[in-house]
Amino acid sequence: MATKNKYLTNGVHITPSAVTVGDKVKISYDGLLAKSGASEVYARIGFGNRWEDAQEFRMSKTTTGFETTIPVTKPVPLNICFKDNAENWDNNSGMNYTFDVT
């Protein structure tokens with residue numbers, strides 16, 4: 001399955017759609033938290049099944065939702081979930097948003 005459109009219905013989009021180690025990836029989010037009126041959204045990222053190198057990035061508010069740019073540092077799947085400043089989470093119903101890395 002192409003990751004490009006994999007989570008668009010949930011309001012999650014990454015650019016470029018083919019993620020490679022060393023890339024800077026733009027994450028755009030207009031999902032559940034954005035639609036619920038969150039004033040701040042953070043992207044929590046990690047790599048592989050154990051969320052290696054887990055980090056949190058504050059996303060910038062845009063006219064269409066939120067966005068941030070993150071570094072891709074490992075050749076294992078990139079996991080993303082989102083939280084707002086009230087600790088509400090969007091983790092794709094516990095499945096997270098996962099993108100293959102080459």
Side-chain angles (χ1 to χ4, degrees):
M1 173 187 289
T3 58
K4 180 178 179 185
N5 296 314
K6 191 174 182 180
Y7 300 116
L8 279 180
T9 57
N10 291 32
V12 178
H13 182 264
I14 62 167
T15 308
S17 56
V19 181
T20 304
V21 172
D23 281 352
K24 296 260 187 205
V25 174
K26 181 170 118 179
I27 303 169
S28 300
Y29 178 76
D30 69 343
L32 178 66
L33 301 174
K35 289 181 180 6
S36 297
S39 59
E40 295 177 15
V41 173
Y42 300 83
R44 177 103 174 138
I45 69 146
F47 296 91
N49 292 335
R50 296 182 181 202
W51 282 73
E52 298 168 36
D53 296 343
Q55 298 179 59
E56 202 167 271
F57 294 84
R58 183 175 181 177
M59 303 185 81
S60 299
K61 191 162 179 53
T62 68
T63 57
T64 57
F66 294 85
E67 64 182 41
T68 192
T69 301
I70 57 116
V72 177
T73 59
K74 295 198 176 273
V76 293
L78 167 65
N79 301 301
I80 307 170
C81 61
F82 302 91
K83 74 171 188 165
D84 66 15
N85 52 318
E87 295 294 322
N88 297 304
W89 288 84
D90 178 355
N91 63 2
N92 191 24
S93 299
M95 301 296 292
N96 299 312
Y97 299 98
T98 303
F99 299 89
D100 293 331
V101 176
T102 57

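Just so you know, these numbers come straight off a predicted model, no measurement behind them.
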Please report the shortest heavy-atom distance between Pro16 and Lys24, naming the atom on each side. CD-O, 4.0 Å
Nearest 0.5 Å please: distance from the CG atom of Leu32 over to the OG atom of Ser93. 9.0 Å
What distance do Thr68 atom OG1 and Lys26 atom NZ have between them, rounded to the nearest 0.5 Å? 10.5 Å
Least distance between heavy atoms, Lys74 atom then Asp53 atom: CE-OD2, 2.8 Å
Same cluster or not: Val21 versus Ile80, using hydrophobic residues (I, L, V, M, F, W, Y) connected whenever any side-chain heavy atoms lie under 4.5 Å apart? yes
Path from Val41 to Trp89 over hydrophobic side-chain contacts below 4.5 Å: no
Distance in Å, Lys6 NZ paired with Tyr97 OH, rounded so as to fall on 0.5 Å steps: 12.0 Å
Specify the closest pair of heavy atoms between Thr64 and Asp30, including all atoms of both residues, with the distance to one decimal. O-CB, 3.0 Å
With a 4.5 Å cut-off on side-chain heavy atoms, are Val72 and Thr20 touching? no
Under 3.5 Å: donor-acceptor pair, side chain of Asp23, backbone of Val25: no
Can you name the nearest heavy-atom pair linking Ile45 to Pro71, along with the distance? CD1-O, 4.4 Å
What's the separation between atom CG in Asn79 and atom CG in Asn96, rounded to the nearest 0.5 Å? 5.5 Å
Name the orientation class of the two ring planes belonging to Tyr29 and Phe82 (parallel below 30°, tilted from 30 to 60°, perpendicular beyond 60°). parallel
Side-chain heavy atoms nearer than 4.5 Å, only ILVMFWY residues, links allowed to pass through others: does that put Tyr42 and Phe47 together? no
Identify the heavy atoms of Cys81 and Trp51 that sit nearest to each other, and give their distance. SG-CH2, 3.8 Å
Run the side-chain contact (heavy atoms from CB on, under 4.5 Å) test on Thr15 and Ser28 for me, step by step, so that the C-alpha distance in whole Å, both residues' side-chain angles and the decisive distance to 0.1 Å come before the verdict. CA-CA 8 Å; Thr15 308; Ser28 300; 5.6 Å; no
Return the CZ to NZ distance between Arg44 and Lys83, rounded to the nearest 0.5 Å. 8.0 Å
Rounded to the nearest 0.5 Å, what's the gap from OG1 on Thr69 to CD1 on Ile14? Could you check? 12.0 Å
Asp90 side-chain N/O to Asn92 backbone N/O, donor-acceptor pair under 3.5 Å: yes
To check you understand the geometry: which heavy-atom pair defines the closest contact between Met59 and Ile27, and what is its length? CE-O, 3.5 Å
